[in-house]
There are 2 protein chains.
Amino acid sequence: MTEIKKTSTIQFNKQTVFKLCPITYVMEKIGSYWKPIILFHLLSGSRRYGELKKAMPHITEKMLIQHLKQLEADGLVLRKALPIIPPNVTYSLTKSGEGLRTVLYEMANWAIQNDQKEDEPLFKNLKDFPKLK
Amino acid sequence: MTEIKKTSTIQFNKQTVFKLCPITYVMEKIGSYWKPIILFHLLSGSRRYGELKKAMPHITEKMLIQHLKQLEADGLVLRKALPIIPPNVTYSLTKSGEGLRTVLYEMANWAIQNDQKEDEPLFKNLKDFPKLK
DNA sequence: TTGGATACCTACTTTGGGGTGTGTACTTGT
DNA sequence: ACAAGTACACACCCCAAAGTAGGTATCCAA
């Protein structure tokens, strides 16, 4: 995995920054292009690694595991591996990750509202928003 | 301003991707480290360029205008410049940008819930979440 | 005339996020 | 004996995003 440099200017005095803006805290956890999308696909329940890959055809394997590992390290995602061959690994949301459901829901909600204004809307409504179980 | 390459693999067949995952649509609009943070600071009302700079001490000027310009181009932010010297430019949320309030609110909410678990919580509650006017 | 105030612009450089491609471990099926 | 299936690991490379550092325009006040 690619290491993260701790000395960049962005990392400077993070504590104080967080106090001023809780959003900064969120961005440190899920602030990348892929993470929210991965989390979105886990909202409907646990998924195998291969299932996630199929659900996101345009993500590279490297990005997928890399972000899964980080989400796991950040306590948002749980990895369960069965000791069998061929391997069987499933990923699911932790309680903390599950807490992001409303965030993602509101994002989807905004996307739909915002998209209606354009010529050819892509989504219709929120009926298809993933429900757990 | 830095140009955006339209031919990257990520851009490939975006239409179909959006249909599968509305979150992808959102990430294209506000999916960067700084954008949600900038939007957060505009939730309480219009702000001058210099005010935003002060509110985000660790952002570079380049990043600030660059993202402001893109947010403006994406119709999330409105720029109002008075023709005086020294210049007076204020930024505010458009209706579309204002629609992100709930998203940002839920983010802050999650940050607070999530943060309570740690040793030294940074935020207390949502009373300080910016209200318009 | 010099400097401050404001909101930028524009080179140049760096960095790390992301892409490509290959390899691996172990078992089951043919 | 070999390929297929699964979930990765690793090395190499590229480029866009972010950082650094300087400059600009215009007016006014000292």
Side-chain angles (χ1 to χ4, degrees), chain A residues 1-13 17 24 27-28 30-38 46-73 77-92, chain B residues 1-13 17 24 27-28 30-38 46-73 77-92:
Chain A
M1 216 194 329
T2 322
E3 272 198 54
I4 295 171
K5 211 176 179 183
K6 300 289 183 193
T7 52
S8 87
T9 28
I10 277 183
Q11 313 286 323
F12 173 74
N13 214 359
V17 174
T24 306
M27 295 316 285
E28 293 287 330
I30 59 162
S32 80
Y33 184 84
W34 291 114
K35 281 180 189 168
I37 299 174
I38 294 175
S46 66
R47 291 285 184 90
R48 293 187 63 177
Y49 173 79
E51 291 179 311
L52 286 173
K53 228 173 59 180
K54 260 176 231 162
M56 293 174 274
H58 56 309
I59 195 177
T60 61
E61 293 195 28
K62 184 190 165 192
M63 285 300 98
L64 185 51
I65 22 150
Q66 186 174 308
H67 284 117
L68 281 172
K69 296 284 175 196
Q70 264 197 21
L71 288 169
E72 191 194 0
V77 151
L78 191 70
R79 195 188 101 111
K80 227 173 268 175
L82 303 180
I84 57 171
I85 295 287
N88 180 308
V89 180
T90 55
Y91 291 91
S92 57
Chain B
M1 215 198 328
T2 323
E3 272 198 55
I4 295 171
K5 209 177 180 183
K6 297 289 182 192
T7 52
S8 86
T9 27
I10 278 182
Q11 313 287 326
F12 174 73
N13 216 359
V17 174
T24 305
M27 296 315 286
E28 294 287 330
I30 60 163
S32 81
Y33 184 84
W34 291 113
K35 282 181 189 168
I37 299 174
I38 295 174
S46 66
R47 291 285 183 89
R48 292 187 63 176
Y49 174 78
E51 291 179 312
L52 287 172
K53 228 174 60 180
K54 259 176 234 161
M56 294 175 272
H58 55 308
I59 194 176
T60 61
E61 293 196 25
K62 186 191 163 192
M63 284 300 97
L64 185 51
I65 21 149
Q66 184 174 308
H67 283 117
L68 281 172
K69 296 285 175 193
Q70 265 197 21
L71 288 169
E72 191 194 359
V77 151
L78 191 70
R79 193 188 102 110
K80 228 174 268 177
L82 303 180
I84 57 171
I85 295 286
N88 180 307
V89 180
T90 55
Y91 292 90
S92 57

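All chains are named by letter (A, B, ...) in the order of the sequence lines, taking the proteins before the strands, and each is independently numbered beginning at 1. Note: hydrogens, waters and symmetry copies are ignored here, and every other heavy atom, side chains too, is used.
- Put simply, CD1 on A:Ile65 and OG1 on A:Thr60 are 8.5 Å apart, with the number rounded to the nearest 0.5 Å.
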Can you check nucleotides 27-30 of chain C for protein contacts, nitrogen or oxygen pairs under 3.5 Å, and list what you find?
none

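- If you measure from atom OH of B:Tyr33 to atom P of C:dG16, you get 14 Å, rounded to the nearest angstrom.
- For the atom pair CD1 (A:Ile37) and NE2 (A:His67), the distance works out to 10.0 Å, reported to the nearest 0.5 Å.
- Comparing A:Pro87 and A:Ser32 against DNA chain C, the residue whose closest nucleotide sits nearer the 5' end is A:Ser32.
- Taking only side-chain nitrogens and oxygens, B:Arg79 comes nearer than 4.0 Å to OP1 or OP2 of C:dC8.
- End-to-end axis angle of the helix from C:dT1-D:dA30 to C:dT30-D:dA1, using five pairs per end and rounding to 10°, comes to 20°.
- For the pair A:Arg48 and D:dT6, the criterion of a side-chain N or O lying under 4.0 Å from OP1 or OP2 is not met.
- Here B:Thr60 reaches the OP1 or OP2 of D:dG19: one of its side-chain N or O atoms lies under 4.0 Å away.
- Atom pair A:Glu61:CD and D:dC10:P shows a separation of 15 Å (rounding to whole Å applied).
- Taking the side chain as every heavy atom from C-beta outward, A:Lys69 and A:Gln66 never approach each other to under 4.5 Å.
- If you check D:dA7, C:dC9, D:dG19 against the side chain of A:Tyr49, the one that comes closest is D:dA7.
- In terms of phosphate contacts, A:His67 brings no side-chain nitrogen or oxygen within less than 4.0 Å of OP1 or OP2 of C:dG17.
- The shortest side-chain heavy-atom distance between A:Glu28 and B:Tyr33 falls under the 4.5 Å cut-off.
- Between the NZ atom of A:Lys80 and the P atom of D:dA7 there is a distance of 15 Å, rounded to whole Å.
- For A:Ser46, the side chain to side chain contact (heavy atoms under 4.5 Å, CB included) test picks out A:Ser92, with sequence neighbours left out.
- Closest-nucleotide positions on DNA chain C for B:Glu51 and A:Met63 were compared, and the one nearer the 5' end corresponds to B:Glu51.
- Taking both residues in full, the closest heavy atoms of A:Ser32 and B:Met27 are given as O-CE, 3.1 Å, listed atom of the first, atom of the second, then distance.
- For B:Leu64, the side chain to side chain contact (heavy atoms under 4.5 Å, CB included) test picks out B:Ile38, B:Tyr49, B:Leu52, B:Lys53, B:Met56, B:Ile59, B:Leu68, with sequence neighbours left out.
- Nucleotide D:dT26 holds its P atom 18 Å from the CG atom of B:Asn88, rounded to whole Å.
- Not counting sequence neighbours, the partners of B:Arg48 by the side chain to side chain contact (heavy atoms under 4.5 Å, CB included) test are B:Glu51, B:Asn88, B:Thr90.
- Atom CG in A:Leu64 sits roughly 9 Å away from atom P in D:dC8 (whole-Å rounding).
- Here D:dA18 presents its P atom at 14 Å from CG of B:Leu68, a figure rounded to the nearest Å.
- Rounded to whole Å, atom P of D:dA18 lies 9 Å from atom NZ of B:Lys35.
- Of the N and O atoms on the side chains of A:Glu72 and A:Tyr91, not one donor lies less than 3.5 Å from an acceptor on the other residue.
- Using a 4.5 Å cut-off on side-chain heavy atoms (C-beta onward), A:Val89 and A:Arg79 make contact.
- Atom-to-atom, CD of B:Gln66 to P of D:dT20 comes out at 14 Å; the value is rounded to the nearest Å.
- Closest to the side chain of B:Val89, out of C:dA7, C:dC9, D:dC8, is C:dA7.
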